[in-house]
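Keep in mind it's a predicted model, so treat the numbers as computed, not measured. In listed order, ligands and their atoms are each counted from 1. The first residue of the sequence shown is numbered 1, and numbering continues consecutively from there.
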Amino acid sequence: MQPNGVAAAADYRELGLFIEGAWTQGTASEGEAVINPATEEALGYLPHASAADLDRAASAAVRAFEIWSRTTPLERKRILNKAANLLRERSSAIAVWVTLEQGKPLAEAKGEILAAADIFEWYGDECVRLYGRIVPSRMPGANQMVIREPIGPVAGFCPWNFPALTPARKIAGALAAGCTLVIKAAEETPATCCALVDACVDAGVPAGVLNLVFGKPAEVSAFLIPHPGIRKISFTGSIPVGKELAKLAADGVKRCTLELGGHAPVLVFDDTEVEPAVQALLAAKFRNAGQVCVSPSRFYVQRGSYATFVEAFTEGAKALRVGDGRAADTQMGPMANERRLAAMEGFVADARERGLKITTGGSRIGNRGYFWKPTVIADATDECRVMREEPFGPVVPITPFDTVEEGIARANSLPFGLAAYAFTGVSKRAQALREGVRTGMLGINHLGISLAEVPFGGVKESGYGSEGGTEGLESYLDTKHVSQLD
Ligand code: NAD
């Protein structure tokens, strides 16, 4: 039994803070219950960090930086690769916690843990290639060296939609570069990040290098970002929160990586086969119940294929089996929290008021668990809310378009620029899209853009900086120029 009388569910992990190499319940008087979105039952009790706990975590990260930043890249690689292997070994057990606290189907949850393991492995492998360079000198006898150094202790803030993947990008990126970290994972989905910490500790990450805290998000960020020991901020979440955290970081002239929301357009051209595009988009759109920042979320279909596409996509959406993620036949789980249900209701109410055609779905399923029917809105106008605001859920607006130029202009019409997609069989069109769409990531004829080895990040209000790829490692490094006359 936990302090507030909430018993941890039998197959759920006991929760805690991890500070300076030890699990603790912290010293705050408050905490919160973690809710299973499929049943609305409490899974366990999550302690919050007090200001003293946060200070202890940041100070531990500062002290550990002296040791970790001098640990050889080869040793860091060995530890990160071991953590990757431990995650793989434990993936089935951790996946159950992901599904319990976040809602996604077990197969998706396991896939997420394996992808997180790939991230640990990739960053581990890459950190032995943290090369500097020698710049030929204009002065005889001088050596101009460009040296890459870890930036310092990092504060990371993560959302609830990918409880393994997002913390993995921050933990593995920071640790590979030689940085230490205080991470605030999402309070809604804490056990998964506890499991990542377990893997790191069991792999040999020394005390203080990785610290995990929870609390009231705004209070934690208001404490950690200005903390004198913290040198870099990495945040994944919504645009309004990202703007606030960037202001806090600017006050201390601290580097920031911001992975914010998106509203990914997908352009389906007449020159492509409709059925494979529909199948690929059904899988991508309803994955994680649409709560994915790179989810295809504004569908533009060229007029010649439009009617066929809407019909096939509607049929596919209608056939999806929605249920508890633990059931073997579930294809889509519940929304992760009650706020998302309310948001879906808002999008649908707006579409109804405008007289738009809802070809399937449009309402909640039952009244226990945050289940929402896969929903398709045809002939969506550019003005309706779901075409302008990120849906972050299983609601799909579809609209026709005519020319490449029109498609690109509408794709670029919002202040977002995270991901974009297109299906076309004509390489000249693909080239026009590559050149014309303002986005951080573009998937042409497939949607697999999020992988350990490639940069993941946005432009415009979707944020700046990248996670993943060599760019992800760069974001944890400072550049020092040393000019030495021998
Ligand atoms: P929200 O803005 O309240 O929170 C988003 C995340 O940021 C949460 O995990 C929250 O704990 C954290 N957060 C909130 N305030 C914070 C603060 N002051 N300091 C540090 N962290 C803070 O929104 P929400 O209702 O949880 O999620 C809905 C919206 O968030 C979505 O519409 C989507 O746009 C966005 N979102 C984006 C991503 C992404 O991957 N970019 C992930 C999750 C949510």
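Among all protein heavy atoms, the one lying closest to atom 28 (C) of ligand 1 is Arg340 NH1, 3.6 Å. Annotation: atom 33 (C) of ligand 1 to nearest protein heavy atom, Glu390 OE1, 3.3 Å. With hydrogens left out, the protein atom closest to atom 41 (N) of ligand 1 is Leu260 O, 3.1 Å, a heavy atom. Atom 22 (C) of ligand 1 has its closest protein heavy atom at Pro217 CB, 3.4 Å. Nearest non-hydrogen protein atom to atom 27 (O) of ligand 1 is Trp160 CZ2, 3.5 Å. Looking only at heavy atoms of the protein, atom 9 (O) of ligand 1 is closest to Pro159 CA, 3.1 Å. Protein heavy atom nearest atom 3 (O) of ligand 1, with residue, atom name and distance: Val241 CG2, 4.7 Å. Taking atom 4 (O) of ligand 1 as the reference point, the nearest protein heavy-atom neighbour is Ser238 OG, 4.4 Å.
Between Phe235 and ligand 1 there is a heavy-atom distance shorter than 4.0 Å. Contact analysis puts Arg339 in contact with ligand 1, with a non-hydrogen atom separation below 4.0 angstrom. For Gly463, the closest heavy-atom approach to ligand 1 does not fall below 4.0 Å. Within the structure, ligand 1 lacks Glu188 among the residues with a heavy atom less than 4.0 angstrom away.
Aromatic pair Trp160/Phe392: centroids less than 6.0 angstrom apart.
On a distance-only criterion, Phe157 and ligand 1 share no N/O pair closer than 3.5 Å.
By the criterion of a heavy-atom distance under 4.0 Å, neither the backbone nor the side chain of Ala222 is placed next to ligand 1.
The protein reaches atom 18 (N) of ligand 1 closely, with a heavy atom under 4.0 angstrom from it.
Contact check for Val34 versus Tyr12: side-chain heavy atoms found under the 4.5 Å cut-off. Using a 4.5 Å cut-off on side-chain heavy atoms (C-beta onward), His227 and Asp55 make contact. With contacts defined as side-chain heavy-atom distances shorter than 4.5 Å, the pair Ile408/Leu433 qualifies. Side-chain contact between Ser363 and Met344: absent, with no pair of heavy atoms (C-beta onward) separated by less than 4.5 Å. Counting heavy atoms from C-beta outward, Val454 and Ile449 have side chains that stay 4.5 Å or more apart. Inter-residue side-chain proximity for Trp372 and Arg340 is flagged as unmet; no heavy-atom pair is nearer than 4.5 Å.
Near Ser221, with a cut-off below 4.0 Å to any heavy atom, the atoms of ligand 1 are 17 (C), 18 (N), 19 (N), 20 (C). Those atoms of ligand 1 with a heavy atom of Ala218 less than 4.0 angstrom away are 17 (C), 18 (N). Distances below 4.0 Å separate heavy atoms of Cys158 from the following atoms of ligand 1: 9 (O). For ligand 1, the atoms sitting less than 4.0 Å from at least one non-hydrogen atom of Asn161 are 40 (O), 42 (C), 43 (C), numbered in the order shown with element in parentheses. Near Thr236, meaning under 4.0 Å from any of its heavy atoms, are these atoms of ligand 1: 39 (C), 40 (O), 41 (N).
For Arg169 and Phe456, the positive end sits near the middle of the six-membered ring, less than 6.0 Å away and at most 45° from its axis.
Under a cut-off of 6.0 angstrom, the local environment of CZ in Arg438 is sparse, with at most 12 non-hydrogen atoms contributed by other residues, nucleotides or ligands. Counting heavy atoms of neighbouring residues, nucleotides and ligands inside a 6.0 Å radius, atom CZ of Arg385 exceeds 12 of them.
Taking 4.0 Å as the cut-off between side-chain N and carboxylate O, Lys247 and Asp251 do not count as a salt-bridged pair. Between Glu30 and Lys216 a salt bridge is recorded (basic side-chain N to carboxylate O distance below 4.0 Å). For Arg13 and Asp198, the salt-bridge test passes: some basic side-chain N is under 4.0 Å from an acidic carboxylate O.
The option from Gly215, Cys293, Ser462, Ala343 that lies nearest to atom 39 (C) of ligand 1, judged by heavy atoms, is Cys293.
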